[in-house]
Amino acid sequence: MQIDTPSPQAPEIDESLYSRQLYVLGKEAMLKMQNSNILIIGLRGLGLEIAKNVALAGVKSLSIYDPNPVELKDLSTQFFLTEDDIGKPRGQASLAKLAELNSYVPISIVDELSEETLSKFQVVVLTDVSLEEQVKINNFTHSNNIKFITTDTRGLFGNVFVDFGQDFTIVDPTGEEPLTGIVSDIESDGTVSVLDDNRHGLEDGDFVKFSEVQGLESLNDGQVFKVTVPGPYAFNIGDVSKLETYKKGGIYTQVKVPQKVSYQSLAEQLETPEFVFSDFAKFDRPAQLHLGFQALHQFQTRHNSLPKPFNQEDVNEFLHLVKNLATQQKFEGDLDEKLLTELSFQAQGDIPAINAFFGGLVAQEVLKASSGKFVPIKQFLYFDSLESLPNNYPRTEENTKPIGSRYDSQIAVFGLDFQKAIANVKTFLVGSGAIGCEVLKNWALMGLGSGPEGKIIVTDNDTIEKSNLNRQFLFRPKDVGKNKSEVAALAAVAMNKGLEGKIEAKGDKVGTETENIFDNSFWESLTFVTNALDNIDARTYVDRRCVFFNKPLLESGTLGTKGNTQVVIPRLTESYSSSQDPPEKAIPLCTLRSFPNKIDHTIAWAKSLFQGYFTEAAENVNLYLSQPNFLEATLKQSGDVKGILQTISESLNNRPYSFEDCIKWARLEFEKKYNHDIKQLLFNFPEDAKTSTGAPFWSGAKRAPKPLVFDINNPDHFHFVVGAANLRAFNYGLKGDQGEPDKSFYGKIIDEVKIEPFSPRSDVKIQANDDEPDPNAQQAVETDELHQLAASLPQPSTLAGYRLNPVEFEKDDDTNHHIEFITAASNARALNYQIDVADRQKTKFIAGRIIPAIATTTALVTGLAQLELYKVVDKKDKIEDYKNGFVNLALPFFGFSEPIASPKGKYNGKEFDRIWDRFDIKGDITLQQLLDHFKEKEGLEITMLSYDVSLLYASFFPPKKVKERSQMKITELIKTVTKKDIPGHVKTLILEVCTDDAEGEDVEVPYVTITL
């Protein structure tokens, strides 16, 4: 089977804006999106959410249609409208703020919905449209191959219907990197074994192609094979016995084969629906809600309004309509009248969190329709979050009536009392990036913190960059360089003036160093905490604080189309830190140094080279020049002392005095790394070398390299020199290139460089395998040699005030030569080893450890987190009331589960919570009083007591020491042992204890807190 690959198109994408999204969708998908004209009908909260996400993603054009006048209740979910817009056409009132989101996406108003108008668009999205009109429009789009999506939300319920025509092609179902690996054997029956028992990860029906196979060379011609999978370490491609005989080598690579999918029209699907399940615990609900949503449309057509909350007359009529539909459509099973009654009660509701969920979901479907990337919904999806309804705030017909406020659409669902509870929470948002912006938008719409006792504190120590604008939607180009939390807070107030004076923006990082700012009284005052962070260390710190102060924590994160939410409830669930992702698989050092076989290895090597050349060397020089005892301390330490001294010597004794000197240095380093070092490796291990067992040394994962001959016309060779020269110039405060490099100028300088011929060294030892000891580690460096090296360094006194400028890696500045150098350095090494090179975008992704991100996933995941927020405010106390969620919009997949319960422990017959419990001691008591308290109250004998890393007491201490310390107050004892004062802001001391129970057995117990 031969597959034609699309011819490459010229890049037309602003990578500085779309960089994080490019890693999710890829350039080809984004180029297709830039040829798509999108129409969104209906600009209430849901329609605007979809429009916002589509505009941020970057399509050719976005048109909107909603001539209906703005009503006060629209402000419950429509974040681009204000009280001043009431009475204006909804589309027109939203246009200006939508247009600010992305200057690359022109946004316009459509005046009428004629067939001529509809035919101009590739994708049409309907919200807030009658079912009759939906069917009419879909009949036209279905027959004219226009992609069609319609979606509705009603309170805590929602649905979406997708029709991408009778012949839709999915180019890439998952978006994951193609699997690849090294072949160790191919048998005549077509069984392919992979090297070193590595799991291949393939599934039945996948396709692969081969390269570098020796013996079965005909496999290398680009032919694609469908595989069957007998096990995790081998796969089968079918009989190859009539071909050549396999000898060795080979790389297999998964091939993404386009899939054809056929969709039915809305009229057909209403009768025989096909469902994607959003929650497998609610398996029976989609069929019920399918009837319920149709009945709501019928009710609205009859009365020009939806059923009123808790109105029995409306409920009865609505249920009658459902029963008629069930008969007409031959519905099997019993109707869930309780569920359907709740749908009737909530029909007039409009909830920000539900709109955020469907806004992200539907916008992703628009991108799928435009690009063919990922698997679309087929064809209906229903979702509800009934468990978010309050238990402790009863709802009645009276307290769900409209009161003439912007929150009426939420009051219709939750009741006025619960709306007041939401307004009076005091909450802390840690981070105001992509998730943080979405959280603040939802909170502004909910009116969270807007009451007399309410408050929102948001902190972020980061500033806004251009690449943020693609998904951190509260920021605009004019905000680049400003503090994130301040701009985000102002944007939230602009959405809801009721938050004026209620949001406090801080620029402080949350960590041990700011515990004087975020002190005990701060944490104790909070209702709950929300994390919107992008790193594990910060998340775990906030988690520890929440556990210590018994505060609920809402945690969420995204990775491309994947997202997750976790709710942490005191004394009920485990904490965020209770579970961890497995550590990333490290690249073996031996592979990195000498035997790379894929581009990830060469990029890691190039990043290490960058750090060594331009960061660590400069830092070591500065330490040598500024610390009087640096040499003495260095000579005593273990590690690469010789390397450190050689680097300092080279940096100071061969320092450049002009940019030309930097160019010459860069050219010599190229020769060393890509020619001489490779020749030395081949001297140690010639191409015909054998292992101790007689097998070829250069086989399997080891690829025999070839030295490079410098060629200024090779872009990777040239940019290695350009990047290295400019970065070295920065180190030494010299002026480098101003704008684009002049190749003729570089050529002139390079021609002056004298290249010494390579001479192999017999004393160089190279580690052949990671399971063997490193021969260089065992080589003791002569002390005399080190002292000789140290003596060769210029005296710091002769360089008084002289310092180098270490380079701080910054991946998003395309003018600083960082990614330029790493890309060229990596690709040149890849050329050494015949590995396919990578472009700047892929190199930046790997070297910069960039987290791929897209606005659609962010919006949806934040919506899920806010649905848990309602439960936190309601103080639900059963673990089954809460849900952790995992989604993958590419598939699409949705998974929900109860949080894991916090683990329990026991001592002396008493049960305690291992995460949330502690022994609280009020006041600064003596050590003896503490020992007596545990003995008398808990039946425990303290055998050891520690504070931080200091041991304050142990039963094995000499009696004199015990007696001396027993009369000390705990604060005095800590000061005596640590020889440090307790900081003034510290009001609670945490002590760890080891104890024996009543039987004299060592038992695990909670820690101790001393409240001063």
Side-chain angles (χ1 to χ4, degrees), residues 40 42-52 55 64-101 107 109 127-128 153 155 305-306 309 348-356 359 399-416 418-425 437-456 458 473-474 476 487-505 866:
I40 295 176
L43 256 289
R44 297 182 68 202
L46 176 57
L48 183 69
E49 279 282 359
I50 299 164
K52 176 256 292 180
I64 53 178
Y65 175 82
D66 193 336
N68 298 301
V70 174
E71 302 173 70
L72 179 61
K73 67 179 183 180
D74 292 342
L75 274 57
S76 277
T77 56
Q78 223 280 21
F79 46 88
F80 280 166
L81 297 177
T82 67
E83 284 85 350
D84 295 339
D85 295 315
I86 292 172
K88 298 176 185 176
R90 233 183 254 127
Q92 197 67 52
S94 308
L95 181 63
K97 289 178 182 174
L98 258 178
E100 288 178 354
L101 288 171
I107 298 180
I109 300 281
T127 72
D128 206 28
T153 60
S305 70
L306 288 158
Q348 294 198 14
D350 200 13
I351 304 301
I354 291 291
N355 285 341
N399 74 7
T400 53
K401 283 181 179 175
I403 59 169
S405 87
R406 62 178 293 143
Y407 307 118
D408 279 355
S409 295
Q410 295 171 64
I411 291 168
V413 175
F414 295 113
L416 183 58
F418 189 62
Q419 183 64 41
K420 289 176 180 176
I422 289 170
N424 283 309
V425 303
C437 284
E438 289 287 337
V439 167
L440 282 172
K441 174 257 294 177
N442 281 293
W443 288 357
L445 294 170
M446 290 160 61
L448 186 133
S450 62
E453 298 166 33
K455 186 162 188 184
I456 296 170
V458 55
F473 88 105
L474 297 183
R476 302 291 177 266
V487 175
L490 289 171
V493 172
M495 290 177 182
N496 184 351
K497 298 296 183 194
L499 288 178
E500 204 152 4
K502 292 292 182 180
I503 300 187
E504 181 183 352
Q866 302 321 295

Asks: Of L440, L490, V487, which meets side chain to side chain contact (heavy atoms under 4.5 Å, CB included) against L474?
Replies: L440
Asks: Between S76 and D350, is any side-chain donor less than 3.5 angstrom from a side-chain acceptor?
Replies: no
Asks: Are the side chains of I354 and L46 in contact, using a 4.5 Å heavy-atom criterion?
Replies: no
Asks: Give a yes or no on this: more than 12 heavy atoms of other residues, nucleotides or ligands lie within 6.0 Å of atom CD of E500.
Replies: no
Asks: For residues Q348 and V413, determine if any side-chain heavy atom of one lies less than 4.5 Å from a side-chain heavy atom of the other.
Replies: no
Asks: Within the side chain of S94, is there an N or O that forms a donor-acceptor pair under 3.5 Å with the backbone of F80?
Replies: no
Asks: Using only atom types and a distance under 3.5 Å, with no angle test, would you say the side chain of Q78 pairs donor to acceptor with the backbone of L43?
Replies: yes
Asks: In a table with atom names and distances, give each donor-acceptor pair under 3.5 Å that connects a side chain of residues 448-455 to protein atoms at least two apart or in another chain.
Replies:
| residue | atom | partner | partner atom | Å |
| --- | --- | --- | --- | --- |
| S450 | OG | G447 | O | 2.5 |
| K455 | NZ | E504 | OE1 | 2.9 |

Asks: Checking F473 now: which residues fulfil ring-ring contact (aromatic ring centres under 6.0 Å, His included) with it, not counting sequence neighbours?
Replies: F79
Asks: Check whether D74 reaches the backbone of E71 with its side chain - one donor and one acceptor, N or O, closer than 3.5 Å.
Replies: yes
Asks: Can you name the nearest heavy-atom pair linking L445 to R406, along with the distance?
Replies: CD2-NH2, 4.4 Å
Asks: Let's go through I503 and V458 carefully: what are the C-alpha distance in whole Å and the side-chain angles of both, what is the deciding distance for side chain to side chain contact (heavy atoms under 4.5 Å, CB included) to 0.1 Å, and is it a yes or a no?
Replies: CA-CA 7 Å; I503 300 187; V458 55; 4.1 Å; yes
Asks: Are the side chain of N496 and the backbone of A444 linked by a donor-acceptor contact shorter than 3.5 Å?
Replies: yes
Asks: Could K97 and E100 be called an ion pair, given the rule that one side-chain N must be under 4.0 Å from one carboxylate O?
Replies: no
Asks: Do Q866 and P352 come close enough that some side-chain heavy atom pair is under 4.5 Å?
Replies: no
Asks: Given side chains that start at C-beta, do those of I403 and D408 come closer than 4.5 Å, heavy atoms only?
Replies: yes
